[in-house]
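One structure is given below, encoded as structure tokens.
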Number of protein chains: 2
Amino acid sequence: MYSDCVSTPERLIEATRELLWERGYVGTSPKAILQRAGAGQGSMYHHFTGKPELALAAVRRTAQEMRATAEAVLGGPGSPCERIESYLRRERDVLRGCPVGRLTMDPEVVASDALRAPVDETLDWLRERLAGIVEEGQELGEFGSALDGEEIAATIVATVQGGYVLARASGSAAAFDTGIRGLLSLLTPRAPGHDSPTRPRT
Amino acid sequence: MYSDCVSTPERLIEATRELLWERGYVGTSPKAILQRAGAGQGSMYHHFTGKPELALAAVRRTAQEMRATAEAVLGGPGSPCERIESYLRRERDVLRGCPVGRLTMDPEVVASDALRAPVDETLDWLRERLAGIVEEGQELGEFGSALDGEEIAATIVATVQGGYVLARASGSAAAFDTGIRGLLSLLTPRAPGHDSPTRPRT
DNA sequence: GTCTATATACTGATAGAC
DNA sequence: GTCTATCAGTATATAGAC
């Protein structure tokens with residue numbers, strides 16, 4: 001818990017962030033939040049108008065955090081290709097899923113423009129950031145010039161998000177890693193033994 | 001609803017399938033199921049021991065249906081590459097998400113071996129099926145021999161599953177299609193203008 | 001087989017004491 | 001600011017009439 005670390009609103013937001021990650025919006029009750037935060041009903045309804053507002057604060061912070069984590073790698077040193085590989089290989093709590101992406105499977109989040117907005121904006125930002133890096137890499141000859149930056153960026157983000165699904169289904173992080181290795185093998189074909197087809201399929 | 005089509009157990013299962021797809025397990029109450037099925041409490045608890053058993057019947061059927069739908073394309077006519085492309089481009093209710101994959105974000109499903117099993121088995125079957133087709137395509141020279149069938153299969157399934165996430169986040173099916181196009185461009189590089197790098201990155 | 005009652009616990013929130 | 005009390009409604013069943 002956070003019972004003796006920070007202010008009550010802060011503890012409420014952190015407890016909500018954890019529960020939204022573990023159980024989603026529909027699966028998270030105010031009672032569970034209060035217990036985890038070590039607060040009473042009165043505190044929560046004093047600082048927030050209710051569950052929706054508290055969840056919004058939590059989602060915004062989680063989205064911001066994910067963005068910062070990604071930027072730390074994507075804006076770091078290395079060639080475009082290396083930065084994308086670092087992003088894909090970065091350490092993740094795979095079996096917990098993506099705290100932002102998982103919200104898209106929650107009916108109440110998707111139904112609320114306010115709650116969905118931070119999710120949408122974060123994934124959109126990530127795609128654009130990756131698209132720019134792919135295009136940068138194309139100018140350096142790291143990626144085929146026939147590729148479309150935005151498409152590849154969407155594929156990268158989708159593979160990561162779907163990797164969480166495979167991992168959670170199987171109960172093992174291995175499936176996530178397998179999907180990522182496959183994507184990397186497509187993005188960075190190995191030379192000199194590489195023999196990708198030079199003609200379209202028959 | 002199904003009030004006058006089939007047997008009561010059947011209506012209960014179909015109503016549960018819809019609700020699990022829309023709202024997940026934690027977001028689906030027996031009351032909602034009964035209303036959608038047009039049945040009373042007594043009927044449900046006469047035919048099923050409770051929500052978990054009913055959900056299990058629903059999940060099993062949904063998993064089986066997804067498998068049959070995939071097999072219809074993957075076992076159909078065409079070259080390996082064409083069949084994979086058909087699978088990726090097949091019509092989908094993108095904004096509704098994947099009725100099987102979305103269950104992996106549900107804490108109660110993941111916590112229950114019985115409920116998770118059909119999900120795991122279906123996604124696992126799909127990966128193995130795709131891996132075999134990729135390897136078949138490699139023998140025909142459609143895919144680079146340096147690729148790993150299981151890895152590419154995991155990437156394909158992950159991209160589809162993650163595509164749903166992107167689509168639901170943005171509220172538009174376009175993001176799904178963009179990710180799929182990116183994957184296809186990586187899987188089937190265009191000739192003769194294809195100029196993927198012949199050496200690893202610097 | 002299906003229905004209506006009944007039961008216990010939880011959900012999400014409000015009221016008012018301290 | 002935080003607490004406890006209270007509340008109408010829901011979640012997930014069980015009991016027993018028909």
Side-chain angles (χ1 to χ4, degrees), chain A residues 1-59 103 105-112 114-115, chain B residues 1-59 103 105-112 114-115:
Chain A
M1 313 304 177
Y2 311 96
S3 318
D4 43 34
C5 313
V6 281
S7 68
T8 295
E10 197 62 25
R11 280 174 4 234
L12 287 167
I13 291 176
E14 287 303 314
T16 303
R17 293 216 302 147
E18 286 186 3
L19 284 164
L20 287 181
W21 193 355
E22 292 169 20
R23 305 187 46 85
Y25 185 85
V26 298
T28 297
S29 69
K31 185 180 184 182
I33 294 170
L34 298 174
Q35 283 176 345
R36 191 168 296 214
Q41 295 262 71
S43 295
M44 171 174 154
Y45 287 103
H46 174 75
H47 295 289
F48 301 93
T49 60
K51 177 178 164 180
E53 194 183 80
L54 177 50
L56 181 56
V59 169
L103 297 171
M105 293 301 133
D106 197 298
E108 315 258 320
V109 170
V110 171
S112 156
L115 281 175
Chain B
M1 309 317 164
Y2 312 96
S3 317
D4 42 33
C5 312
V6 281
S7 68
T8 296
E10 197 61 26
R11 279 170 10 231
L12 287 167
I13 292 176
E14 288 301 315
T16 304
R17 294 216 302 146
E18 286 186 4
L19 283 164
L20 287 181
W21 194 354
E22 291 169 20
R23 306 188 45 84
Y25 185 87
V26 299
T28 297
S29 70
K31 185 179 183 181
I33 294 171
L34 298 174
Q35 284 176 345
R36 191 167 298 211
Q41 296 263 70
S43 294
M44 170 172 155
Y45 286 103
H46 174 74
H47 295 288
F48 301 93
T49 59
K51 175 179 164 179
E53 194 185 80
L54 177 49
L56 182 56
V59 169
L103 297 171
M105 293 302 133
D106 197 299
E108 315 257 319
V109 170
V110 170
S112 157
L115 281 175

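Residue numbers begin at 1 in each chain, while the letters A, B, ... track the order of the sequences.
A salt bridge between B:Arg17 and B:Glu14 is present, with a side-chain N of the basic residue lying under 4.0 Å from a carboxylate O of the acidic one.
When rounded to the nearest whole Å, the span between CD of B:Glu108 and C1' of C:dC10 equals 13 Å. With rounding to whole Å, A:Arg11 atom CZ is found 13 Å from D:dG1 atom P. Regarding A:Ile33, its CD1 atom lies at a distance of 14 Å from the C1' atom of C:dC10, rounded to whole Å. Summarising the geometry, the separation between CD on A:Gln35 and P on C:dT11 is reported as 9 Å, rounded to the nearest angstrom. A:Arg23 has its CZ atom 12 Å from the C1' atom of C:dC10, to the nearest Å. For the pair B:Leu12 CG and C:dC3 P, the interatomic distance rounds to 10 Å; values are reported in whole Å. Atom-to-atom, CZ of B:Phe48 to P of C:dG1 comes out at 12 Å; the value is rounded to the nearest Å.
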Distance-only check: which donor-acceptor pairs under 3.5 Å involve side-chain atoms of residues 37-47 of chain A, not counting sequence neighbours?
none

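With sequence neighbours excluded, the residues satisfying salt bridge (Lys or Arg N to Asp or Glu O under 4.0 Å) with A:Arg23 are B:Glu108. The salt bridge (Lys or Arg N to Asp or Glu O under 4.0 Å) check on B:Glu22 picks up B:Arg36, with sequence neighbours excluded.
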In B/S/- notation (B base, S sugar-phosphate only, - none; protein heavy atoms under 4.0 Å), nucleotides 11-18 of chain D written 5' to 3' is SSBB----

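One finds a side-chain N or O of B:His47 lying less than 4.0 angstrom from the OP1 or OP2 phosphate oxygen of C:dT2. Put simply, A:Thr8 has no side-chain N or O that comes within less than 4.0 Å of OP1 or OP2 on D:dG1.
Using a distance-only test at 3.5 Å, with no hydrogens or angles considered, a donor-acceptor pair links the side chain of A:Thr28 to the main chain of A:Leu19.
Taking all atoms of both residues into account, the shortest heavy-atom contact from A:Thr16 to A:Ala55 is CG2-CA, 4.1 Å.
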